[in-house]
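Counting starts at 1 for both ligands and their atoms, following the listed order. All residue numbers refer to positions in the sequence shown, counting from 1.
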Amino acid sequence: MTVLATDIRPRPLSDHVTTVLRSVRHRSPGEEVFHQAVEEVLSTLGPVLERHPEYVEARILERLCEPERQLMFRVPWVDDTGQIHVNRGYRVEFNSALGPFKGGLRFHPTVDLGTIRFLGFEQIFKNALTGQGIGAGKGGSDFDPPGRSEAEIMRFCQSFVTELYRHLGEHTDIPAGDIRVGVRELGYMFGQYKRIVNRFEAGVLTGKGIGWAGSHARTEATGYGAVFFLREMLATRGKNLDGLRAVVSGSGNVAIYAIEKAHELGTTVIACSDSGGYVVDENGIDVALLKDVKEVRRARLFEYAAARPSATYVTEGSVFDVACDVVLPCATQNELGHEHAATLIRHGVLAVSEGANMPCTARAVALFREAGVLFGPGKAANAGGVATSALEMQQNAARTSWSRAETASRLEEIMREIHAHTRRNAATYAEDPDDYVAGAAIGGFVRVADAMLAQGVV
Ligand code: GLU
């Protein structure tokens, strides 16, 4: 079936939703990704607001779109040659109705306030879907770790936390990693926090190393979770992952563990990418080699292809041009546009599970939906990472450590429950259990809205 971008029917918006969207755009000019994320959620809420006029009366939408607190700060640091740099740090504490602010930190040159607000907003619904009692926040900086020495990265992280620490706390705001923030960066930030407050407050950060109060399965959780979600979606059509061919975009933490789990469950991942290009490896991506290139050597994906005779490195076009049965976009926002979606649909793609946050554009999502492709939005499909962060917080609070098997099986169970909850809400409010976009937004929204109602006008 050929689906054209012009075939896409937008969801009808109520007057209330239209007014709120207009106000969000007016109050945050130029923050396109934030507007996109808000619109994706609000456009699904019509049937919920009809059934629950008390949400409209209590101005839940207006309050939800306005962060509780928003921090921007200077991060000065000195490089190895003695030169001074000034970056900008952010932390958007979006919503604490369900628990302390919780969400990662992203270090990337493209980071600006709009990016962090979009990510923080997504986190509200994602965290609510986990059912783990966590509120939502996000932060980061326009600092770019690649090419910087260990010492420079440490000094940057220390400077970042020297300002941010006063806003953090295990009951207040708990950061973790995101793009280009992993266990190394979190270690430097945890060390500096501990030094300033003079407390080993394990629960103030998640994604810590296993030897210093971290949790088993946290590193793998986002990628593994996205594959579990994919498995659940396919099961609704009587299909499983065995014998399928997959494309995974990205080659960072989320992508690596999505590939690992897909292989374990019988799907061959034949391509992955980085910002320079992509590799096609018909024998299946060699995960051990990929880990060595990306995690140990911190090198480019080109190095993977150079070391693997069956792999080809491609710099033209997109990884989404590679024909496959299932796709896991695990790189970054808006990486998969409607032209990629059209190509994938032409190649007969069955399902898409978003490992990254909002990697598919609104038009791409609409095309997948029109073509009957199962589409798992990031708020549900990639919630395994933050859910396992909540498991790490539980272990920290009890001063204990669960086995890898126990933590991994809890993650699997949480993903199953997120999938079921999403479908239930899609069926109830959107009258289509396959409408995972509506189901995830509504499933998260109702939990947060009810808590906000109960807690009064704050
Ligand atoms: N940055 C991840 C996300 O997008 C993880 C957040 C966390 O573990 O707090 O959900």
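- Put simply, no part of Glu122 is less than 4.0 Å from ligand 1, judged by heavy atoms.
- Ranking protein heavy atoms by distance to atom 9 (O) of ligand 1, first place goes to Lys102 NZ, 2.7 Å.
- Scanning the protein for heavy atoms near atom 8 (O) of ligand 1, the closest one is Ser389 OG, 2.5 Å.
- Considering backbone and side-chain N/O of Gly177, one or more are found under 3.5 Å from N/O of ligand 1.
- At the top of the distance list for atom 6 (C) of ligand 1, counting protein heavy atoms only, stands Gly104 N, 3.5 Å.
- For the 3.5 Å distance criterion, the side chains of Gln158 and Tyr193 fail to qualify, holding no donor opposite an acceptor.
- Remark: ligand 1 and Lys126 share an N or O pair separated by less than 3.5 Å (distance only, no angle test).
- Counting heavy atoms closer than 4.0 Å to ligand 1, residue Asn357 contributes side-chain atoms (C-beta onward) but none from N, CA, C or O.
- Using a 4.0 Å cut-off between a side-chain N of Lys or Arg and a carboxylate O of Asp or Glu, Glu232 and Arg423 do not qualify as a salt bridge.
- For atom 5 (C) of ligand 1, the closest non-hydrogen atom of the protein is Arg218 NH2, 3.4 Å.
- Counting heavy atoms under 4.0 Å from ligand 1, residue Arg106 does not touch it at all.
- Annotation: His167 is not in aromatic contact with Phe101 [ring centroid separation under 6.0 Å not met].
- Distances below 4.0 Å separate heavy atoms of Ala176 from the following atoms of ligand 1: 7 (C), 8 (O), 9 (O).
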Could you check Phe143 against Phe156 for ring pair (Phe, Tyr, Trp, His ring centres under 6.0 Å), going step by step and ending with a plain yes or no?
-> CA-CA 8 Å; Phe143 174 69; Phe156 175 83; 3.9 Å; yes
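- Between Lys379 and Glu122, at least one side-chain N (NZ, or NE/NH1/NH2) sits under 4.0 Å from a carboxylate O, which counts as a salt bridge.
- No donor-acceptor distance shorter than 3.5 angstrom exists from the side chain of Ser96 to the backbone of Gly99, with no hydrogens or angles considered.
- Aromatic ring centres of Phe73 and Tyr90 lie farther apart than the 6.0 Å criterion allows.
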